[in-house]
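Chain identifiers are assigned alphabetically (A, B, ...) following the order of the sequence lines, protein sequences preceding nucleic acid strands; residue numbering begins at 1 within each chain. Predicted, not measured: the structure shown is a model, and the values here were computed from it.
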Amino acid sequence: MARRARPLGPAVAAGAAAAALVLALALVPLGAVAWRAEAGAGLGPADWAAVRFTLWQAFLSAALSCLLAVPVARALARRNFAGRGVLITLLGAPFILPVIVAVLGLLAVYGRSGLISDALGLLGLGPIDIYGLTGVVLAHVFFNLPLATRLVLQGWLAIPSERFRLAASLGFAPSDVARVLERPMLRATLPGAFLVIFLICMTSFAVALTLGGGPRATTVELAIYQAFRFEFDLGRAALLALVQFALCAAAAVLAFAVALPTGMGAGLDRPVARWDATGRALRLTDAAWLAFAALFLILPLGMVVAKGLPGMAGLPASVFAAAARSVLVALGSAALTLALALPLALAAVRLGGAGGAALQAAGTLSIATSPLVIGTGLFILLFPVADPVALALPVTALVNAAMSLPFALRALVPAVAEAEAGFGRLADSLGVAGRSRLRLVLLPRLRRPAGFALGLSAALSMGDLGVIALFADPSQATLPLQLYRLMAAYRMEDAAGAALLLLILSLALFWVFDRGGRAHAAA
Amino acid sequence: MRFPMIAAAALAAGPAPAQTPVLTVYTYDSFVTEWGPGPQVEAAFEDVCGCDLRFLAMGDGAALLARLQLEGARTEADIVMGLDTNLTARAADTGLFARHGRDDVKLDLPVGWDDDMFLPYDWGYFAFVYDKTKLATPPGSFQELIAAPEDLKIIIQDPRSSTPGLGLLLWVQAAYGERAGEIWQGLAPHVLTVTKGWSEAYGLFVEGEADMVLSYTTSPAYHLIAEGDDTKAAAPFAEGHYMQIEVAGRIASSDQPELAERFLDFMLTDAFQSVIPTTNWMYPAVTPEGGLPQGFETLISPDEALIYAAGEAAKVRDAALETWRAALAR
């Protein structure tokens, strides 16, 4: 009740402003496309088939990613082993690769001429065929299992070590720890993780098409492409984008209704010791899950590295210039992401309840709009007043920031909530408010999630082709765009080299920020 | 570091040549990259025009037209280069283009040309490309491809998002008309997958995912000339091959109409045309005096060229797409 007495203050105002900005970025371009449209055709049966397929594959992909993430994150949370840090960093890798690179890496393992098919060939068996729903879900899990694992792992690491200590002194068995400590944490974390993955998979297009094996795997985003470039029917494109947005919004409402806040209380940030998980069977299970995750993720990445090395040496200078441009955009985008996410997270926690959920939903739905529609809408809006080409890089940074906001929020909101729950009352009673509250109480406890959010958004921006393709000027290519250009010029080896450079730079950016955030975690 | 360098470059260029007229050419992305024709074309034209040639690139031909439609009469373009005959009818409908007014253009196309608004600058045939070391006897027609063992796999592009994908759709339609649906049903088991664009498909093919990929008859020339690799070939199909003709047009409201006219003339001279074969990997619309580069003589040359007239393509397209979707969605 003390909370109510405190004025909502500037934090909520700033958060509401950030949410409004993000919502506007998602919806105003959509409105612009609709406004520019002449009377278009309505949606036909093929469109509804696309909607059904989109929902189904997104649901399967998100469910499977989350399901697999729980044992992997649990193993990472309660085991300490050489290479743990590297594995955690590599978990960021698939997510940030441009689609085409990841698909080629995946097919180098699971394709008709991939490692597995080759091995089967030695045994006299035919190649495996993953094209279809299997391929789509496999690729989406490859992209998103790491993300889900990181988000769930954040949840695990946020359980204070004192709780495990208490559990040990009470003689808790592993099943008791799971029931009392872990399940409530998962109840709070998983719906959000499920939601962001579901939303990413909703707007998937090139992955779904390539691995889905053809028009069976038509998603709404592909239908938007058709409306836009095949028919130039802006009205239909806007209508499809609206349907996609509405479905995503419904999913968001559902997910936030299911999520329950935890009541872990505060701790003293001592290192976690797990007396409950020393049994031999549990060790073996964890080792098996870690080996599975490592193989599943590292094999395709290893193929990207192996194929990229020969092309690395002879990369043209333009690729490095594009890389420098991409790093600048990524840094700008990361800073913007945090500038939007922090006030949003603070406001969402301060408001709590339906208001807080609404703010979070607003910040999450930016990935629910079609990138093609956002890009086109921004072009329609900017063209009369400014030269869109001159604004290509800043606009790309802004859109990329909006696209990584949901992930940043997933990392920050639970951490802010924990900090406020643990230290809010003490801070209130001491009259610590405003900026000093942020500096003394919140920021020190947000280092880890903020570092993760910065790293993820920088890396995401690095790998995303984004709206730059719609605005580009020949001299302004970013690294992903330059990679596509190499491929379009038949230079597949150079393209593989550029992909490796992209992988290295993205991982380096991710590592620097993420590491910075964890610097004091062991203290 | 970047900004001082740009500043230095600006200083080195001397006093701003404010009087130099600027000709703005909209084209597709791969034209302007350092591997495309753009840089050489720009240098050659600027040598003779006393102007600044400025390329603006966007995606591919369809994205280019969509951009032009979004910009409407306010477009900055003086020339739009990179549409093909599947797009010219829609482009003409925008009312933005001027007639080129030339009635005696000498072109080396396998088909006649009578469009009074757009001028071709290069052309090619769609074809299935394969690796000779892996596929000894490629199918010689759609019928043979259908009859081939089911493990012979092809990769094609989606007509909704890709130019070659649309080309194949019209190829089957032009060759088989009413029977197109039957052909697609026969092809369906051989279609390993359908990709968003040409790059994805060709990348997968180079990685060995499939036996054949939809590309151009000129694709093997790249491997031969640029990489010294003669293992790739295009399979000649008995039904004939569908053509792509890439064209340019002048924007009527341009503030540089004379320069634009000069560019269209220049486009059909050797200085432009001789750049095309080994940068755009297409056939030049006017064979340069020195002939085609060595290596092009190894390419197949189809007996029959298939192509719909500009307005026709738009008419058959929607029904053909529905047929395609229905046959492949099973």
Colleague: List the atom pairs, donor and acceptor, that lie under 3.5 Å between side-chain atoms in residues 108-121 of chain A and the rest of the protein, sequence neighbours left out.
Modeller:
| from | atom 1 | to | atom 2 | distance (Å) |
| --- | --- | --- | --- | --- |
| A:Arg112 | NE | B:Glu209 | O | 3.1 |
| A:Ser113 | OG | B:Glu207 | O | 3.2 |
| A:Ser113 | OG | B:Gly208 | O | 3.2 |
| A:Ser113 | OG | B:Glu209 | OE2 | 3.4 |
| A:Ser117 | OG | A:Gly111 | O | 2.8 |
| A:Ser117 | OG | A:Ile128 | N | 3.1 |

Colleague: Please answer whether the main-chain N or O of A:Arg485 pairs with a side-chain N or O of B:Thr33 as donor and acceptor at a distance below 3.5 Å.
Modeller: no
Colleague: Taking atom OG1 of A:Thr218 and atom CZ of B:Arg325, what is their separation to the nearest 0.5 Å?
Modeller: 6.5 Å
Colleague: Would a 4.5 Å heavy-atom cut-off, applied to side chains only, mark B:Arg160 and A:Pro215 as touching?
Modeller: yes
Colleague: Measuring only between side-chain heavy atoms, which start at C-beta, is A:Tyr484 closer than 4.5 Å to B:Asp29?
Modeller: no
Colleague: Please look at A:Tyr131 and chain B and tell me whether the side chain, the backbone, both or neither of the residue comes under 4.5 angstrom of a heavy atom of that chain.
Modeller: side chain
Colleague: Heavy-atom distance under 4.5 Å to chain B: side chain of A:Leu209, backbone, both or neither?
Modeller: both
Colleague: Can you say whether B:Leu65 sits under 4.5 Å from chain A via the side chain, the backbone, both, or neither, judging by heavy atoms?
Modeller: neither
Colleague: At what distance, to the nearest 0.5 angstrom, does CG of B:Leu56 lie from CG of A:Asp387?
Modeller: 8.0 Å
Colleague: Which one, B:Gly203, B:Gly38, B:Ser161, B:Ala62, leads in non-hydrogen pairs under 4.5 Å with chain A?
Modeller: B:Ser161
Colleague: Is chain A contacted by the side chain of B:Ser219, its backbone, both, or neither, given a heavy-atom distance below 4.5 Å?
Modeller: both
Colleague: Contact part of B:Tyr202 toward chain A, heavy-atom cut-off under 4.5 Å: side chain, backbone, both or neither?
Modeller: both
Colleague: Parallel under 30°, tilted from 30 to 60°, perpendicular over 60°: which one fits the rings of B:Trp281 and A:Tyr490?
Modeller: perpendicular
Colleague: Roughly how far, to the nearest 0.5 Å, is the OH atom of B:Tyr222 from the CZ atom of A:Arg491?
Modeller: 4.5 Å
Colleague: So what's closer than 4.5 Å to chain A heavy atoms on B:Ile155: side chain, backbone, both or neither?
Modeller: neither
Colleague: Start with the C-alpha distance between B:Ser162 and A:Tyr225, add both sets of side-chain angles, then the distance that settles side-chain contact (heavy atoms from CB on, under 4.5 Å), and finish with yes or no.
Modeller: CA-CA 10 Å; B:Ser162 145; A:Tyr225 252 71; over 6 Å; no
Colleague: Tell me, for B:Glu71 versus chain A, whether the close heavy atoms (under 4.5 Å) come from the side chain, the backbone, both or neither.
Modeller: both
Colleague: At a heavy-atom separation under 4.5 Å, does A:Leu222 approach chain B through its side chain, its backbone, both, or neither?
Modeller: side chain
Colleague: Mind checking whether A:Thr210 and B:Leu204 have side chains closer than 4.5 Å, heavy atoms only?
Modeller: yes
Colleague: If the condition is side-chain hydrogen bond (donor to acceptor under 3.5 Å, both in side chains), which residues does B:Tyr28 pass it with, not counting sequence neighbours?
Modeller: B:Tyr121, B:Glu246, B:Asn280
Colleague: Go through the atoms of B:Thr27 and report whether side chain, backbone, both or neither lie under 4.5 Å from a heavy atom of chain A.
Modeller: neither
Colleague: Between B:Asn86 and chain A, with a heavy-atom cut-off of 4.5 Å, which part of the residue counts as in contact: side chain, backbone, both or neither?
Modeller: neither
Colleague: Within a strict 4.5 Å, meaning less than it, do heavy atoms of the B:Glu34 and A:Gln482 side chains meet?
Modeller: yes
Colleague: Starting at CD of B:Glu227, measure out to CE of A:Met492 and round the result to the nearest 0.5 Å.
Modeller: 9.5 Å
Colleague: Can you tell if the side chain of B:Met58 reaches within under 4.5 Å of the side chain of A:Phe379, non-hydrogen atoms only?
Modeller: no
Colleague: Using non-hydrogen atoms only, which part of A:Leu107 is less than 4.5 Å away from chain B: side chain, backbone, both, or neither?
Modeller: both
Colleague: Could you look at A:Pro316 and say if it's the side chain, the backbone, both or neither that has a heavy atom under 4.5 Å from chain B?
Modeller: side chain
Colleague: Measure distances from B:Thr195 to the heavy atoms of chain A and classify the residue's part below 4.5 Å as side chain, backbone, both or neither.
Modeller: both
Colleague: I need the B:Leu70 CG to A:Phe232 CZ distance, nearest 0.5 Å.
Modeller: 4.5 Å
Colleague: With chain A as the partner, which of B:Asp318, B:Ile156, B:Asp158, B:Val191 has the greatest number of non-hydrogen pairs under 4.5 Å?
Modeller: B:Asp158
